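Here the structure is laid out as structure tokens; the discussion comes afterwards.
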Amino acid sequence: MKKHILVIPGDGIGQEVTQWGKAALDQIAKNYNHEFTFDEALMGHAAIKVTGNPLPDETLEKARKSDAILFGAIGHAMYDNDPSLKVRPEQGLLKIRKELGLYANLRPILLFDELLEASSIKAHILKGTDILFFRELTGDVYFGEKKRSEDRNTASDLMIYHKYEVERIAHKAYQAAQQRSKRLCSVDKANVLESSRLWRETVQEIAKQYPDVETEHMFIDNAAMQLIKNPKKFDVVLTANLFGDILTDEASQIAGSMGMLASASVGDGVGFYEPIHGSAHDIAGKNLANPLASILSAALMLEISFGLPEEAKALVNAVDQALKDGYRTGDIADQNTEASKVLGTQEMGNKVLGLIK
Ligand code: IPM
Ligand code: MG
């Protein structure tokens, strides 16, 4: 199979981790006789520094021409500490999601047994958890109109959904549920928000087309609580952009660390694959970042964009084996980890690459 992959490392630890996602793809191509070619492009603070624009036209053009995109992370401390800055790295990410029509963000909570002790939640509560989030990605308060009064003392962000936006992601989530345990939980705040009432009505309608799937509707506050109390209760979770952003960071603690979770953003065309973690500037360039989420993002690309489940499984198995062999990056090490097996980014990347080989 011939595929052209665009790598967008972005900011902070993005550079260090995407290097390993890319190396994993390269190794898979060798093992299975595929031809993967790679190009690179700028986004976020890295792009602002050079072009003044968080998403240069050139990046967007390269993205449109590629078969899939491997992305790292975005953000920089200088913007976090100065909310008044008008040009911001995150604008690049939001714009590329919108431009490429990436309306469905799939975030699987993949739990490796070896990491049960790395979570702050008790192992017996976690064991057996397997959740697939469908977070809507191109609507909601993220893209609704933003306003600030003339005296600057009042601000608003419009939380807005159109019916078709709910329908198209609901179909994707229901189709996934049919392939899994046939349970879907839709999360909203329909007791308070009109946009959530539209969400719920629409999901109720779509549900009729999938009679084999059992649907539950849950309020976001309750869902946030249940996720920690009894994560096994969930299978496919369907939710809006902002709720999904928050719930999936929470859910990452089920998998032990943000450094373990991969995601796939899909929609109208090319797929976009990225770890759910951010740019973590505090540890950037220190060889401390966990490269596993980038490698697992590459696995999602192989499976979803290229239809290569066996190749995808080879990557997941290599990650699993590295963990079984006792290797950990700092974020997933616990009191049982041998000191000599706590690895840096490069060493963990190499370890997994060796196992793929
Ligand atoms: C994510 C991130 C982004 C989001 C930020 C960086 C804009 O938190 O992908 O979850 O809020 O969507
Ligand atoms: Mg987030």
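Since this is a predicted model, take the numbers as computed values, not measurements. Any value given below was found using the heavy atoms of this structure, including those in side chains, with hydrogens, waters and symmetry copies removed. Start at 1 and go down the list; that is how both ligands and their atoms are numbered.
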Note: Asp67-Lys2 ion pair, threshold 4.0 Å (strictly below) | no
Part of Met258 with heavy atoms under 4.0 Å of ligand 1, whether side chain, backbone, both or neither = neither
Closest protein heavy atom (residue, atom, distance) for [atom]:
{"atom": "atom 7 (C) of ligand 1", "result": "Glu90 CG, 3.8 Å"}
{"atom": "atom 9 (O) of ligand 1", "result": "Arg97 NH2, 2.8 Å"}
{"atom": "atom 4 (C) of ligand 1", "result": "Tyr142 OH, 3.4 Å"}

Taking every non-hydrogen atom, the tightest pair across Pro275 and Ser297 | N-OG, 3.3 Å
Taking all atoms of both residues into account, what is the closest heavy-atom pair of Met260 and Leu292, and its distance?
-> SD-CD1, 3.7 Å
Which atoms of ligand 1 are found less than 4.0 Å from any heavy atom of Arg135?
-> 1 (C), 4 (C), 9 (O), 10 (O), 11 (O), 12 (O)
Distance in Å, Leu323 CG paired with Arg328 CZ, rounded so as to fall on 0.5 Å steps | 5.0 Å
What distance do Leu193 atom CG and Met159 atom CE have between them, rounded to the nearest 0.5 Å?
-> 5.5 Å
Shared hydrophobic cluster for Ile206 and Leu184 (ILVMFWY, side-chain gaps under 4.5 Å) | yes
Using heavy-atom distances, let me know which of His277, Arg88, Gln91, Arg107 sits nearest atom 1 (C) of ligand 1.
-> Arg107
Between the candidates Thr248, Asp249, Asn105, Asp245, which shows the shortest non-hydrogen contact distance to atom 10 (O) of ligand 1?
-> Asp245
Under 3.5 Å side-chain donor-acceptor pair for Glu90 and Tyr79 = no
Quick check: does Asp249 put an N/O/S atom under 2.8 Å from the Mg ion (ligand 2)?
-> no
If you check every N/O/S atom of Asp245, which is the one nearest the Mg ion (ligand 2)?
-> OD1
